[in-house]
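Scroll down for the structure; my scribbles are underneath it.
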Amino acid sequence: MVAAGLTWVRIGEFAWSRIEPEYGRFDWAWLDTAIDVLNAAGLQIVLGTPTATPPRWMLDRHPDMLAVGADGMERKFGSRRHYCFSHEGYARECDRIVEAVAKRYGTQVAAWQTDNEYGCHDTTISYSSAARSAFQDWCAQRYQSPDALNSAWGNVFWSMEYSEFDQIDLPNLTVTEPNPAHVLAFRRFSSDQVVAFNKRQVAIIRAHSDAAVSHNYMGRVTDFDHFDVGADLDIATWDSYPLGFLEDRVGADSARQAAYMRQGDPDFQAFHHDLYRAVGRGRWWVMEQQPGPVNWAPFNPAPLPGMVRLWTWEAFAHGAEAVCYFRWRQAPFAQEQMHAGLLRPDSVDAPAMAEAVAVAAELVNAPLVQTDVAPVALIFDYDAEFAWETQPQGQGLSYFGLVFDLYRALRRLGVSVDIAPTSTRDFSDRKLVIAAGLMTMSDALKDALNASGAEVLLGPRSGARTAEMAIPVPLPPAVDGLDIMVSLVETLRPDCPMALTNGGAFVGYRENVDGAADVVETLMDGRAAMMRSGSLTYMAGWPDGDAAARILREMCERAGVQTVHLPEGLRMREAGTERFWFNYAAEAVEFAGRTFEPAGVLREAT
């Protein structure tokens, strides 16, 4: 590892059965040796708490600890993440193992990782009896009385009123759709359970160690609020699998998947780099970087030569403090035996090793990457994702999809972006703020956007619901200084886009908007598509790729943000006084009199 130029090593995240082979009997010798060897070699250790993999004996102690799916079936032992966040007995067992590990190694490691990949494999939301009891208590704390809950949820509809909190069940296995307010409340509760679970571990670690504490999030796992979890951590990390993600969660069509099969989507990694930089309040890593074929996607190709180097440098360009590869050596057994590493199972270098070594050598004399405040802020809100998933109104529509489409369009324009949470109140250093799809908007956020001095792009669906998932009156978006009202909403079939007069179309989601604000764009049938008052612009639909690029280019021009039209596959990132170029295309790209080779990386002064 040292010879390869690696400096950080993560260990222990799945090791509970080896640390504690049976309840109360600990075997530390092997882990003591590993930590001694790594420290002696000068490697810095990230030690994971092993709570993502409770051993089999744990089920004998707590047979009801398993998570339950929406279908009412228990999710059994035999893989990982087989626990319910709401099970207090299991949570106390986690307290116990974290305490034991932190006491023993608190001064011997350089950083910590809590658990592993919260939410992976759809494990945030559980419909267990423990979750039901905890949800009833959560509702009692939030609403204080059943009457207040009934009023907030609109339970007079369909005679859904409760007289006691212990009558409230979980919103699954109902005859038809459950009350959306009930579903959204359960989604918020489920997120809060992850936050509380993580907070317990962090508090225990901090009592025994001064080392930084992190968690490794995943790509497009949005069923808990990462900003809330991150508030208790020092560093946000994420696990970047560009080829696997292209196949199972980017949302690309088959032609795009074929074009980027060996490179990954040109924007998906960058989006998460920017997201987790925000979650970590500036401090973030890639904890797991894909080095070769993985085992879990529908198709698992090998990377194009040079892409491991490109992915690594792109993370550094977005401000990563560290990039770690998963894994060091390919395991010859069990579920991940087809998951490549830097070494083959026979300990011979795998293809990615040469690229990892190359990046390590390039970093030796390279200056640190400086990340300035980007001129464009894109607001991202996990609660909005909960609300869209609760009530998408059209098949395949999601908040993440809308925001990612707009982020992709900005990247095609060569614009560097910062992602901001809805708790942000100072936008004075931004030229353009995008607040699309925020179904619930606080008055404080609306006021902050109004006072920002920036150009602001709202809609569709901005301010469309109250905090309790009701349609507000006055009708949305109800932003001071923007005299418009959404009077009707419709969702569109995928084969029925609505063309815009200036090019492109609205797809999926569209609103009728009325009011005294200026109409700055119309549909081909003459109805308003965008309206504006001063620096506030409302976009009354989901733009396709062409429309998004054009609309955002025009918004950037109004805001004084420079844009370029990048060719397919070529991306750039501004970082302080430098500019990075990345060619995701499988062939050379010509731009601005230069040739960018496939998987090419260029770092230049601006």
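Everything numeric in this text was worked out from a predicted model, so none of it was measured.
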Among residues at least two apart in sequence or on other chains, which ones pass ring-ring contact (aromatic ring centres under 6.0 Å, His included) with [X]?
X: His82; answer: Phe77
X: Trp542; answer: none
X: Tyr538; answer: none

* Arg412/Asp267 salt bridge by N-O under 4.0 Å criterion ->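 Judged by the 4.0 Å cut-off on N to carboxylate O distance, Asp267 and Arg412 do not form a salt bridge.
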* Does a side-chain N-to-carboxylate-O contact under 4.0 Å join Asp253 and Arg256? -> no
* Identify, with sequence neighbours excluded, every residue that meets side chain to side chain donor-acceptor pair (under 3.5 Å) alongside Asp228. =>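 Here no residue qualifies.
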For atom [atom1] of [X], is the number of surrounding heavy atoms from other residues, nucleotides or ligands below 6.0 Å larger than 12?
X: Gln395; atom1: CD; result: no
X: Ile471; atom1: CD1; result: no
X: Glu557; atom1: CD; result: yes
X: Glu177; atom1: CD; result: no

Tell me if the centroids of the rings in [X] and [Y] come within less than 6.0 Å of each other.
X: Phe186; Y: Trp138; answer: no
X: His87; Y: Tyr83; answer: no
X: Trp388; Y: Tyr509; answer: yes
X: Phe400; Y: Phe271; answer: yes
X: Phe224; Y: Tyr382; answer: no
X: Phe268; Y: Phe404; answer: yes

* Could you name each residue pair satisfying ring pair (Phe, Tyr, Trp, His ring centres under 6.0 Å) that touches residues 435-462, not counting sequence neighbours? => none
* Output all residues satisfying side-chain contact (heavy atoms from CB on, under 4.5 Å) with Val373, sequence neighbours left out; order by chain, then residue number. => Asp418, Asp429, Arg430
Determine whether a donor-acceptor pair (N or O, by modelled atom type, separation under 3.5 Å) exists between the side chain of [X] and the backbone of [Y].
X: Gln167; Y: Ser163; answer: yes
X: Glu74; Y: Ala67; answer: no
X: Thr424; Y: Asp426; answer: no
X: Arg411; Y: Pro266; answer: yes
X: Gln290; Y: Leu243; answer: yes
X: Glu161; Y: Asn155; answer: no
X: Ser126; Y: Val68; answer: yes
X: Asn172; Y: Ala70; answer: yes
X: Gln391; Y: Ala387; answer: no
X: Ser533; Y: Ala517; answer: no

Check the orientation of [X] and [Y]. Use parallel for under 30°, tilted for 30 to 60°, and perpendicular for over 60°.
X: Phe245; Y: Trp238; result: parallel
X: Tyr90; Y: Phe197; result: parallel
X: His215; Y: Tyr217; result: perpendicular
X: His182; Y: Tyr162; result: perpendicular

Just by distance, with hydrogens left out, do [X] and [Y] show a side-chain donor and acceptor under 3.5 Å apart?
X: Gln136; Y: Asp166; answer: no
X: Asn216; Y: Asn116; answer: yes
X: Tyr241; Y: Gln269; answer: no

Would you call [X] and [Y] a side-chain contact if the rule is heavy atoms closer than 4.5 Å?
X: Thr537; Y: Met555; value: yes
X: Trp285; Y: Tyr276; value: no
X: Leu233; Y: Ser214; value: no
X: Arg81; Y: Asp115; value: yes
X: Trp284; Y: His318; value: yes
X: Arg558; Y: Arg532; value: yes
X: Glu490; Y: Gln393; value: no
X: Thr501; Y: Glu521; value: yes

* Asked: So Asn450 and Leu536, side chain to side chain contact (heavy atoms under 4.5 Å, CB included) or not? Walk me through it.
  -> CA-CA 8 Å; Asn450 249 321; Leu536 301 174; 3.3 Å; yes
Looking at every non-hydrogen atom in both residues, tell me the closest pair between [X] and [Y] and how far apart they are.
X: Ala435; Y: Leu438; value: CB-CD1, 3.7 Å
X: Met218; Y: His272; value: O-CD2, 4.1 Å
X: Arg249; Y: Arg220; value: O-NH1, 2.9 Å
X: Pro178; Y: Val183; value: CG-CG2, 3.4 Å
X: Ile484; Y: Val513; value: CD1-CG1, 4.4 Å
X: Leu413; Y: Ala549; value: CD1-O, 3.7 Å

* To do: Determine, stepwise, if the pair Leu488 / Glu511 fulfils side chain to side chain contact (heavy atoms under 4.5 Å, CB included).
  => CA-CA 6 Å; Leu488 179 144; Glu511 300 163 333; over 6 Å; no
* Asked: Which is it for Glu389 and Thr222 under the side chain to side chain contact (heavy atoms under 4.5 Å, CB included) test, yes or no, and what are the steps along the way?
  -> CA-CA 10 Å; Glu389 288 189 0; Thr222 55; 3.9 Å; yes
* Asked: Stepwise, does the side chain to side chain donor-acceptor pair (under 3.5 Å) test hold for Ser487 with Asp514?
  -> CA-CA 7 Å; Ser487 58; Asp514 308 307; 2.8 Å; yes
